[in-house]
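First comes the structure, then the notes that go with it.
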2 protein chains.
Amino acid sequence: MGIDHTTKLHHPERDEIELPGVLHALSDPQRLEIVRRLAGSDEACACGSIKLGLSKSTMTHHFRVLRESGVIRQKREGTSKLTQLRREDLDARFPGLLDAVLSSEAVPA
Amino acid sequence: MGIDHTTKLHHPERDEIELPGVLHALSDPQRLEIVRRLAGSDEACACGSIKLGLSKSTMTHHFRVLRESGVIRQKREGTSKLTQLRREDLDARFPGLLDAVLSSEAVPA
DNA sequence: TCAAAAGTACGATCATCGTCGTACAATCGA
DNA sequence: TCGATTGTACGACGATGATCGTACTTTTGA
């Protein structure tokens, strides 16, 4: 029944990634900012290196939403957790979507 | 042009359309289906011609979310209300986004 | 061995969302 | 005018969401 948060990190397979879930994950301004920062640095970076002025537990929440929707991949690395965008998976499943979302930053209100 | 006193409906201007709002509007499966049907028929079509098995008031709600986020444009036409996608505005503001959303999973389970 | 660092779990709180039913308003055809 | 069609307003309700603080776990390094 649902996802076990206590054992392993759950990542959906590429073909399990659902469009509404991805759109929902990206529809939150804070998560959108996280995704933009991840897209900015090509390599995986630690959760804690992204600072948005939110509490640690709120950050955990946002990273979980992004991970479980298939937007990011996370793995442990020492005491940190490395996070990276699932660019290839997203591009394969929803061609052009991520690029459209990321490039829209260049057209600010 | 006959129809005019329809301007009570709130539509954001093109440059007022916000990405999180659009993503949120599209993140609901029912609204996604509405958008797909609108994209299927080139001309504006009446709200009531789109049947999803939801109540009238729920449909009104979904159309309002889509309209206020800038995804659709609506105008009165007799007792009906004509609805159409704001393709040009969306393409101008978020190039590639709508195409990416529409071209993926056009036939959901 | 112990303390700091990084992140998670859990419960709480308050807001938003999706859905409905009922009542109402506007328009058109007969 | 009347009734049918089409959609809205409003209130309710349960579900989900974003946020926080506190306590906890895991790992590293001194």
Side-chain angles (χ1 to χ4, degrees), chain A residues 1-11 18 20-35 37-38 44-69 71-84, chain B residues 2-11 18 20-35 37-38 44-69 71-84 108:
Chain A
M1 40 176 289
I3 293 160
D4 181 8
H5 299 306
T6 64
T7 53
K8 246 184 141 180
L9 294 177
H10 175 255
H11 293 87
E18 306 269 358
V22 171
L23 295 177
H24 171 252
L26 298 176
S27 73
D28 180 89
Q30 310 282 15
R31 288 194 292 263
L32 202 47
E33 180 60 25
I34 292 174
V35 167
R37 304 236 188 138
L38 291 174
C45 60
C47 287
S49 68
I50 297 179
K51 304 202 186 308
L52 300 178
L54 299 174
S55 71
K56 284 199 302 177
S57 40
T58 299
M59 290 302 283
T60 296
H61 164 71
H62 285 315
F63 279 112
R64 184 169 55 228
V65 172
L66 288 169
R67 174 168 41 80
E68 292 181 351
S69 67
V71 175
I72 64 173
R73 191 178 295 280
Q74 291 183 297
K75 61 176 178 180
R76 310 216 40 171
E77 187 77 24
T79 79
S80 302
K81 184 171 270 181
L82 294 188
T83 302
Q84 66 183 157
Chain B
I3 326 95
D4 43 3
H5 48 289
T6 70
T7 26
K8 255 172 107 174
L9 296 174
H10 174 256
H11 293 86
E18 308 268 359
V22 171
L23 294 177
H24 170 253
L26 298 178
S27 72
D28 179 88
Q30 308 282 14
R31 288 194 290 264
L32 202 48
E33 180 60 26
I34 291 174
V35 168
R37 303 235 189 142
L38 290 174
C45 61
C47 289
S49 69
I50 297 178
K51 304 202 187 309
L52 300 177
L54 300 174
S55 72
K56 285 197 302 176
S57 40
T58 299
M59 289 302 282
T60 295
H61 164 71
H62 285 316
F63 279 112
R64 184 170 53 232
V65 172
L66 289 170
R67 173 167 41 80
E68 292 182 350
S69 67
V71 175
I72 64 172
R73 191 178 293 281
Q74 292 183 295
K75 61 178 179 181
R76 310 216 38 176
E77 184 78 25
T79 78
S80 301
K81 183 170 269 180
L82 294 187
T83 302
Q84 66 184 158

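Just so it is clear: chains get the letters A, B, ... in the order the sequence lines come, proteins before strands, and each one is counted from 1.
Between A:A25 and A:S69 the shortest heavy-atom distance is CB-OG, 3.4 Å. Listed here is the closest heavy atom pair of A:H11 and A:I72: CD2-O, 3.7 Å. Across every non-hydrogen atom of A:H62 and A:I34, the tightest pair is CB-CD1, 4.0 Å.
B:R67 is listed as a side-chain neighbour of B:L9, based on a closest heavy-atom distance under 4.5 Å.
The phosphate of D:dG17 has neither OP1 nor OP2 within less than 4.0 Å of any side-chain N or O from A:H62. For D:dT19, one of the phosphate oxygens OP1 or OP2 lies less than 4.0 angstrom from a side-chain nitrogen or oxygen of A:Q30. Considering only side-chain N and O atoms, B:R31 lies under 4.0 angstrom from the phosphate OP1 or OP2 of C:dG18. At C:dC20, one or more side-chain N or O atoms of B:S55 fall inside 4.0 Å of OP1 or OP2 (strictly under the cut-off).
Ranked by how close their nearest DNA chain D nucleotide is to the 5' end, B:R64 and B:S80 are led by B:S80. For the pair A:K56 and B:S57, nearest-nucleotide mapping onto DNA chain C gives the more 5' position to A:K56. Taking the nucleotide of DNA chain D with the nearest heavy atom to each of A:G53 and A:G78, the more 5' of the two is matched to A:G53.
The side chain of A:T58 sits closest to D:dT19 out of C:dT19, C:dT27, D:dT19. Here the nucleotide nearest the side chain of A:K81, chosen from D:dA18, C:dC20, C:dG7, is C:dG7. The nucleotide whose nearest atom lies closest to any side-chain atom of B:T79 is, among D:dT5, C:dC20, C:dG7, D:dT5. Among the nucleotides C:dT19, D:dT19, D:dG7, the one closest to the side chain of B:T60 is D:dG7.
If you take CG of B:L66 and C1' of D:dG7, they are 16 Å apart, rounded to a whole angstrom. Rounded to whole angstrom, the span from the NZ atom of A:K51 across to the P atom of C:dA5 amounts to 12 Å. What separates CZ of B:R67 from C1' of D:dG7 is a distance of 11 Å, to the nearest Å. Rounded to an integer number of Å, the gap from CZ of A:R76 to P of D:dT28 is 9 Å. Distance, B:E33 CD to C:dT19 P: 13 Å, rounded to whole Å. What separates CE of B:M59 from C1' of C:dT22 is a distance of 19 Å, to the nearest Å. Whole-Å rounding puts the B:E68 CD to C:dT16 P distance at 14 Å. Rounded to whole angstrom, the span from the NZ atom of A:K75 across to the P atom of C:dA6 amounts to 19 Å.
Residues A:E33 and A:R37 are paired through a salt bridge, judged by an N-O separation under 4.0 Å between the basic side chain and the carboxylate.
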